[in-house]
Amino acid sequence: MTNIINELFGKNVFNDEKMKDRLPEDVYLKLKKTIAEGNELDSSIADVVAAAMKDWAVENGATHYTHWFQPMTGITAEKHDSFINSKDNKAILEFSGKELIKGEPDASSFPSGGIRSTFEARGYTSWDCTSPAFLKETKAGVTLCIPTVFCSYTGEALDKKTPLLRSTEALEKQVLRIVKLFGHKDVKKINCSVGPEQEYFIVSRQNFLAREDLKFTGRTLFGAMPPKGQELEDHYFGSIKENIACFMKEVNEELWKLGVLAKTQHNEAAPAQHELAPIYSEVNIAVDHNQLTMETLKRVARNHGLECLLHEKPFMGVNGSGKHNNWSIITDTGINLLKPGKVPHENLQFLLFLSAVIKAVDENAVLLRVAASNPGNDHRLGAHEAPPAIISIFLGDQLTDIVEQIVESGTATYSKQGGKMQIGVKSLPEIKKDATDRNRTSPFAFTGNKFEFRMVASSISISCANIMLNTIVADVLSDIADELEKADDFQKALSNLIARILKEHKRIIFNGNGYSDEWIKEAERRGLPNVKTFVESIPALTDEKTVKIMQKHHVMSKVELESRAEVQYELYSKTINIEARTMIEMAKRQYIPAVINFNKALADSIISMKNALKDIDVTFIIDKLSKSQNLLNEANNALIKLEENTLNAAKYTGKEQALFFKDNVTPYMEALRKPIDQLEEIVEKKYWPVPTYGDLLFEVGE
């Protein structure tokens with residue numbers, strides 16, 4: 001197996017090994033220095049790199065290249081060009097440094113939030129050499145993919161990569177100021193390390209294609225729970241069924257070829273739900289790899305007659321899917337700045353960075369809420385398997401005790417230790433306990449040497465969450481550095497600063513059950529924001545405080561923030577509009593006709609039974625028909641209201657339209673779903689027009 005992995009891993013990546021082998025030494029060293037130190041790219045080497053990259057790609061079957069970028073749609077985009085050129089009326093293969101460095105897609109065709117008008121088409125893609133080029137293999141052939149940023153003709157970021165790279169530089173700048181105060185003069189670079197866990201559902205493609213709601217929206221807009229759901233907890237970590245294991249095997253192999261460190265796979269809590277987790281990597285690479293992971297999951301599933309659902313809540317009544325974003329800060333000398341060490345109460349460097357994160361999260365909770373969300377996450381957050389919409393931080397017993405010591409007396413004198421587990425079986429080896437348990441109900445949990453941001457939606461890019469995390473922590477560290485650099489007595493100033501931050505922001509620390517109603521009341525008492533819907537969190541993007549922070553650290557301008565807010569309002573409106581129209585169509589063309597046919601069959605059976613046996617009691621059938629007809633009338637009334645309000649939404653634009661959809665369309669979507677789901681439990685299966693939850697959740701992996 002080791003040989004297979006070694007043979008596959010990085011096979012389709014123009015990585016360091018291939019660059020060293022194919023580039024002249026001086027060119028390789030210049031490019032390597034640019035990648036390692038973040039220096040400006042020497043354009044003189046671009047032609048040499050492009051030629052080597054093209055030769056490698058062609059040798060591996062590529063005929064085309066593309067600038068692979070991440071517009072504000074949240075997915076990736078590609079425009080393919082062949083290597084073919086003409087010379088002396090003959091076809092030759094060429095790829096220049098200019099073509100490597102810059103491309104020009106149509107910027108007006110992507111969401112821009114007003115930065116680009118319809119007639120202003122010019123936009124640029126620019127090579128991001130810090131993320132390696134790779135080959136994408138599909139049934140259509142092989143394409144060289146070059147990771148790039150995407151910006152407007154006037155220089156504004158139109159993508160998710162540009163602000164991410166800016167935020168990483170902002171974080172690095174401030175972290176370097178802090179670590180130098182602690183005597184780490186040898187630290188030159190900071191690595192923001194991220195490991196995103198990816199949850200997803202797998203259903204049969206045949207059943208997927210038979211449901212318009214899954215095809216058009218990625219989730220079931222109707223559906224009654226089957227007799228069995230996840231209540232037996234028999235799916236979580238259960239034995240992986242053979243056809244799912246075959247799918248996972250191909251996913252792993254495809255990801256390993258792309259250099260993605262896919263490591264963990266297992267069944268998740270809900271039937272048909274699974275998870276894939278990679279080893280941590282630098283945040284820019286982690287974002288690119290997660291985009292490739294989502295794309296690979298969907299593509300490979302279809303090779304096996306399956307469909308991968310990345311939506312946050314494909315099925316009502318069972319667990320939804322998230323994307324846990326594990327975030328930490330590591331120096332180029334190998335120091336994890338969020339690692340407590342054996343005696344964390346004495347590790348003032350760790351306590352300072354811990355305090356900075358606590359302060360940053362407390363002061364920017366709603367900003368993190370919007371960065372981790374989309375319309376689909378509204379169906380997941382606060383449900384029994386997901387963190388609530390209230391942001392809090394879980395520290396665990398050990399660190400919370402240290403915080404309490406510091407808050408009470410200004411310093412901590414001891415650290416709780418984990419001890420040893422008493423399992424009660426002599427033959428088992430002795431196991432050391434961690435000093436702290438874990439809390440799956442927390443949206444932002446400290447897990448040993450990193451923070452796990454559990455709120456992130458399963459289908460979105462992780463770039464937004466990390467942009468905000470990097471920037472808000474950089475901002476707090478900037479203020480800390482300003483204060484400590486002026487201090488006459490560094491140690492005294494440091495201790496006082498840590499104590500002050502923890503006293504002012506301890507309200508965000510909560511180790512209890514985040515799913516409980518008591519926590520909602522307690523959070524309100526503490527003054528923590530509870531923004532229940534995605535659309536209500538969007539104003540945080542253009543809040544005066546956000547604009548100030550983002551502009552101060554050169555991550556996003558006011559215009560770029562306003563554009564993103566506009567894109568998010570538009571995303572919400574379009575998403576709900578598509579869902580509402582899909583519900584209307586399914587109700588009109590599938591469910592209501594099916595119920596009418598069933599009711600007619602019931603009425604006919606009543607007549608035929610009475611004609612055959614005049615004394616027979618048909619009360620139970622009459623009751624069933626009456627209930628079905630009443631629910632059908634209820635569905636018709638909700639359908640009329642839903643159709644009317646969906647049409648009325650066109651009168652509004654922007655924020656007003658998004659709020660109209662939230663307040664006036666989504667309630668009637670729920671009102672239409674309720675009677676139809678109840679009808680599903682009454683109508684005979686042979687009349688029901690679509691695969692049920694039982695079909696979708698339990699027909700895969702058998």
Side-chain angles (χ1 to χ4, degrees), residues 35-39 128 130-131 149 157 160-182 184 187-196 280-288 290 325-339 349-365 367-368 371-372 393 444 446 449-453 456 461-485 501 545-557 560-561:
I35 295 170
E37 300 179 6
N39 297 330
D128 170 22
T130 63
S131 183
V149 300
K160 294 180 179 291
K161 183 183 275 280
T162 303
L164 178 70
L165 294 173
R166 293 172 183 168
S167 75
T168 305
E169 289 184 1
L171 180 64
E172 179 178 72
K173 179 180 178 181
Q174 302 308 325
V175 172
L176 286 174
R177 291 176 68 191
I178 299 294
V179 296
K180 280 178 171 47
L181 291 172
F182 282 90
H184 301 293
V187 175
K188 306 295 182 187
K189 189 170 176 60
I190 300 300
N191 174 20
C192 176
S193 177
V194 169
Y280 306 100
S281 55
E282 189 275 326
V283 62
N284 184 36
I285 304 295
V287 170
D288 287 357
N290 186 248
N325 188 86
N326 295 278
W327 179 92
S328 61
I329 312 169
I330 302 171
T331 70
D332 58 355
T333 58
I335 302 171
N336 186 334
L337 298 171
L338 291 177
K339 187 174 182 178
Q349 179 176 276
F350 162 73
L351 290 174
L352 181 65
F353 279 99
L354 178 71
S355 301
V357 175
I358 289 171
K359 175 178 166 68
V361 172
D362 187 28
E363 291 183 338
N364 300 277
L367 189 61
L368 289 177
I393 294 177
F444 202 88
F446 185 78
N449 59 3
K450 62 189 183 301
F451 278 98
E452 183 181 30
F453 192 13
V456 183
S461 166
I462 60 170
S463 61
C464 295
N466 287 293
I467 288 167
M468 299 312 175
L469 264 176
N470 290 350
T471 309
I472 62 176
V473 173
D475 189 60
V476 172
L477 291 175
S478 173
D479 292 341
I480 288 173
D482 288 346
E483 183 171 336
L484 292 179
E485 285 168 352
I501 290 174
K545 181 175 69 174
T546 302
V547 173
K548 183 179 178 182
I549 291 172
M550 293 292 162
Q551 291 191 150
K552 173 184 174 182
H553 298 283
H554 309 289
V555 175
M556 280 186 276
S557 67
E560 288 170 326
L561 286 164

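Please read all numbers here as calculations on a predicted model, not as lab measurements. Computed from heavy atoms alone, side chains included, the values below leave out hydrogens, waters and symmetry copies.
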Please confirm whether the backbone N or O of Lys188 pairs with a side-chain atom of Asp332, one donor and one acceptor, at under 3.5 Å?
-> yes

Output, in order, the C-alpha distance, side-chain angles, deciding distance and verdict of side chain to side chain contact (heavy atoms under 4.5 Å, CB included) for Trp327 and Val283.
-> CA-CA 9 Å; Trp327 179 92; Val283 62; 5.8 Å; no

Can you find a pair of side-chain heavy atoms, one from Leu477 and one from Phe353, that are under 4.5 Å apart?
-> yes

Nearest-0.5 Å distance, CG of residue Asp128 to CD1 of residue Ile35 | 9.0 Å

With no hydrogens and no angle check, is any side-chain donor or acceptor of Lys180 less than 3.5 Å from a backbone partner on Val187?
-> yes

Any donor and acceptor pair, going by atom type alone, linking the side chain of Lys545 with main-chain N or O of Glu363 inside 3.5 Å?
-> yes

Between Ser131 and Ile285 the two heavy atoms that sit nearest each other are CA-CD1, 3.6 Å

Where is the tightest heavy-atom contact between Ile501 and Ser355, given as atom of each residue plus distance?
-> CG2-O, 3.4 Å

Residue pair Val555 / Ala170: nearest heavy atoms and the distance that separates them = CG2-CB, 4.2 Å

Pair listing, salt bridge (charged side-chain N to carboxylate O under 4.0 Å, His left out) test, anchored in residues 471-481, at least two apart | Asp475-Lys552, Asp479-Lys552

So how far is it from Leu368 CG to Cys464 SG, rounded to the nearest 0.5 Å?
-> 11.5 Å

Could you grab the distance from atom SG of Cys192 to atom CG of Asn470, nearest 0.5 Å is fine?
-> 4.0 Å

Taking C-beta and beyond as the side chain, do Ile178 and Leu337 meet within less than 4.5 Å on heavy atoms?
-> no

Leu367 versus Ile549: any side-chain heavy-atom pair under 4.5 Å?
-> no

Phe451 side chain near Val473 side chain, heavy-atom distance below 4.5 Å = no

Nearest 0.5 Å, what's the CG-OG1 distance between Asp288 and Thr130?
-> 8.0 Å

Is Arg166 salt-bridged to Glu560, going by a charged N under 4.0 Å from an acidic O?
-> yes

Given side chain to side chain contact (heavy atoms under 4.5 Å, CB included), test Ser167 with Met556 step by step and report yes or no.
-> CA-CA 9 Å; Ser167 75; Met556 280 186 276; over 6 Å; no

Compare all side-chain heavy atoms of Ile190 with those of Thr331 and state whether any distance is below 4.5 angstrom.
-> yes

Give a yes or no on whether the backbone of Asn191 and the side-chain of Glu282 come within a donor-acceptor separation of less than 3.5 Å.
-> no

Where the side chain of Thr168 meets the backbone of Leu164, is there a donor-acceptor pair that is under 3.5 Å apart?
-> yes

Could you give me the CA-CA distance, side-chain angles and deciding distance for Thr471 and Met550, then say whether side chain to side chain contact (heavy atoms under 4.5 Å, CB included) is met?
-> CA-CA 7 Å; Thr471 309; Met550 293 292 162; 3.7 Å; yes

Flag the pair Ile330 / Tyr280 as yes when at least one side-chain heavy-atom distance between them is below 4.5 Å, and no otherwise.
-> no

Separation between NZ (Lys160) and CD1 (Ile467), nearest 0.5 Å, reads 7.0 Å

Beyond-backbone contact of His184 with Ile335, side-chain heavy atoms, under 4.5 angstrom = yes

Under 4.5 Å between any side-chain heavy atoms of Asn364 and Met468, yes or no?
-> no

What is the distance from atom CD1 of Ile480 to atom CG of Leu352, rounded to the nearest 0.5 Å?
-> 4.5 Å

Say whether, by atom type as modelled, one donor and one acceptor occur between the side chain of Asn290 and the main chain of Ile462 under 3.5 angstrom.
-> no

Measure across Ser478 and Gln174 and return the closest heavy-atom pair with its distance rounded to 0.1 Å.
-> CA-OE1, 3.2 Å

